[in-house]
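Numbered from 1 within each chain, the chains take letters A, B, ... in sequence-line order.
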Number of protein chains: 2
Amino acid sequence: MPQPGPRTGPLAEPGTTTREAIRSAATRLFQEQGYARTTVRRIAAAAGADPALVIRYFKSKELLFLETMHLTIDDEPLLGVPLEQLGERLVELLVDLDGAARGIFLALVHGSDEQRIQRRLRDTHEQVLIAPLRRRLSGPDADLRARLAAALAAGMLYALWVAQDETLLRTDRPALVAHYGALLQRVLTPPV
Amino acid sequence: MPQPGPRTGPLAEPGTTTREAIRSAATRLFQEQGYARTTVRRIAAAAGADPALVIRYFKSKELLFLETMHLTIDDEPLLGVPLEQLGERLVELLVDLDGAARGIFLALVHGSDEQRIQRRLRDTHEQVLIAPLRRRLSGPDADLRARLAAALAAGMLYALWVAQDETLLRTDRPALVAHYGALLQRVLTPPV
DNA sequence: CGCGGGCGTCAACATTGTTGACCGAACTTC
DNA sequence: GAAGTTCGGTCAACAATGTTGACGCCCGCG
């Protein structure tokens, strides 16, 4: 809300309100429309600010994107889970991700023809999928198995959200969790 | 190449040479740089033609993209394979895909924030992964299992090419094929 | 000879990300 | 209190993008 009249104070808040308005508008638009389809001018309009100010604050559209699009999940619900149920629980957790996480994931995937966004996607893959799994595994090829399991888990997100397999999207949640969770479990705790 | 001098005939070939030049230049550039990073003007320059002519021939950049970016694989090497080895052979086939197939896949994934490109990606997923697997399966949930297997297979391509898990990229091919193929096999021929 | 149609070029348009100049108000310093 | 510095903000402009319409050329057909 940058009213042209005289401001009441030099700094309404330490965070400089309009900067925060730009950031939240960008967060919403990038999630909903992705990187390419979101224009700096629309972000500015949504925040009630000037397009030039957006760049002035965040250096570039890409840096604004990187600053707002962070994808993390609570691995807390995974901590107490016994190893034999980890696969099913992880799939359950991924399928239940909210629209925000889905939007960020898709924005990262779609935008990852840009090098820095691709690096962010790689880091996210590492931190969100590989790392939590690897912590629970042991043995000589623990790292490889964590990475294979992460690929498997990502495959489901890909099928549901990127390729949009409509049959899988219509499959009821418990069946999907049971089937795919069993597969994932196979990598985590392979039979002797 | 379209020398400005007088042309030898009205139609040098039925395919109108420069149209083909544009198509092949677009194919190469889209594969190498993706949808967003390739500009119509660069396609035109690479084909030695005028940017306006590119649009005149192909209606729009997006339609040109859709006309050139078709991803198919030879499922011939899968036809004779016994069902018990199908998983491993499919993984082998996917890992060995050439740079062209990789480029098209990535271009489709990155460009799929556009609706029509997303539909092309969905169709490709269906025709390249789901359909060949489903043909080999039987039973009540054959369709679901084929789709789960396709998600699994796509997960490996995602991990290797989109997320670019460097450890997996450095893992030697036979180990990758053996590990991931065994997982895939688990969906195709589940134990009683 | 005329002329219609396909191939190609040129100039222009709106929209994109980004930059630099400018402005006003507030805080600091003399 | 006056001068200056800094910060939040606006405006106009730039180059590059996809796309369109007007124009030109040259062939083969009447």
Side-chain angles (χ1 to χ4, degrees), chain A residues 1-23 25-26 29-30 33-68 110-111 113-117, chain B residues 1-23 25-26 29-30 33-68 110-111 113-117:
Chain A
M1 328 308 185
Q3 51 231 10
R7 297 196 54 79
T8 58
L11 297 179
E13 302 199 15
T16 323
T17 311
T18 75
R19 187 190 174 107
E20 218 53 39
I22 292 174
R23 196 201 310 269
L29 288 175
F30 279 141
Q33 326 223 31
Y35 180 69
R37 301 180 63 88
T38 316
T39 76
V40 172
R41 282 173 168 85
R42 268 210 281 271
I43 294 174
D50 192 279
L53 200 58
V54 176
I55 299 297
R56 229 164 168 63
Y57 276 145
F58 298 93
K59 304 298 183 186
S60 76
K61 176 187 175 184
E62 193 184 8
L63 289 180
L64 173 56
F65 180 85
L66 289 174
E67 183 161 334
T68 51
H110 291 149
D113 50 349
E114 223 78 25
Q115 281 194 7
R116 280 178 280 193
I117 298 181
Chain B
M1 319 335 182
Q3 50 231 8
R7 300 193 56 78
T8 59
L11 300 179
E13 302 198 15
T16 324
T17 313
T18 73
R19 187 191 173 107
E20 218 53 39
I22 292 174
R23 195 201 311 271
L29 289 175
F30 279 140
Q33 327 223 30
Y35 180 69
R37 299 180 65 87
T38 31
T39 75
V40 172
R41 283 173 167 85
R42 267 209 281 271
I43 294 174
D50 192 279
L53 200 58
V54 175
I55 300 297
R56 256 210 156 20
Y57 275 145
F58 299 92
K59 305 298 183 188
S60 75
K61 177 188 176 184
E62 193 185 9
L63 288 180
L64 173 57
F65 179 85
L66 288 173
E67 183 161 332
T68 50
H110 291 149
D113 50 350
E114 222 77 26
Q115 281 194 7
R116 280 179 281 195
I117 299 181

| note | One should read off an interatomic distance between B:Arg19 CZ and B:Arg56 CZ, to the nearest 0.5 angstrom, of 13.0 Å
| task | For A:Val40 and for B:Arg41, locate the closest nucleotide of DNA chain C by heavy-atom distance; then report the residue assigned to the nucleotide nearer the 5' terminus. | result | B:Arg41
| said: Please report the distance, rounded to the nearest Å, between CD in B:Glu20 and P in C:dG8. | reply: 13 Å
| query | Which class fits the ring pair A:Tyr35 and A:Phe65: parallel under 30°, tilted 30 to 60°, perpendicular over 60°? | reply | perpendicular
| note | When every non-hydrogen atom of A:Val40 is compared with those of A:Lys61, the smallest separation belongs to CG2-CB, 3.8 Å
| Is any side-chain heavy atom of B:Thr18 closer than 4.5 Å to a side-chain heavy atom of B:Tyr57? | yes
| field | C:dG17 OP1/OP2 closer than 4.0 Å to side-chain N/O of A:Ser60 | value | no
| field | Atom-to-atom span, CZ of A:Arg37 to C1' of C:dT16 - whole angstrom | value | 14 Å
| field | Protein-nucleotide distance (B:Arg42, atom CZ; D:dT17, atom P), rounded to Å | value | 6 Å
| remark: Between A:Glu20 and A:Arg23, the two heavy atoms sitting closest are OE2-NE, 3.0 Å
| task | Working to the nearest 0.5 Å, report the span between CD of B:Glu67 and CG of B:Leu64. | result | 7.0 Å
| query | Whole Å only: how far is the CD1 atom of A:Ile22 from the P atom of C:dG17? | reply | 14 Å
| query | Expressed in angstrom and rounded to an integer, what is the separation of B:Glu114 atom CD from D:dT17 atom C1'? | reply | 14 Å
| query | So A:Arg116 and A:Leu63, side chain to side chain contact (heavy atoms under 4.5 Å, CB included) or not? Walk me through it. | reply | CA-CA 9 Å; A:Arg116 280 178 280 193; A:Leu63 289 180; 4.2 Å; yes
| Looking at C:dC7, D:dT19, D:dG9, which one has an atom nearest to any side-chain atom of A:Tyr57? | D:dG9
| Nearest-angstrom distance from the residue atom CZ of A:Arg23 to P of D:dG8 | 13 Å
| query | When you check every protein heavy atom under 4.0 Å of nucleotides 20-25 of chain D, what one-letter string (B, S, -) results, 5' to 3'? | reply | BB----
| query | Can you tell me how far C1' of D:dG9 sits from CZ of A:Phe58, to the nearest Å? | reply | 15 Å
| Between atom CG in B:Leu63 and atom C1' in D:dG18, what is the gap in whole Å? | 13 Å
| N or O in side chain of A:Thr39 less than 4.0 angstrom from C:dT15 OP1/OP2 | no
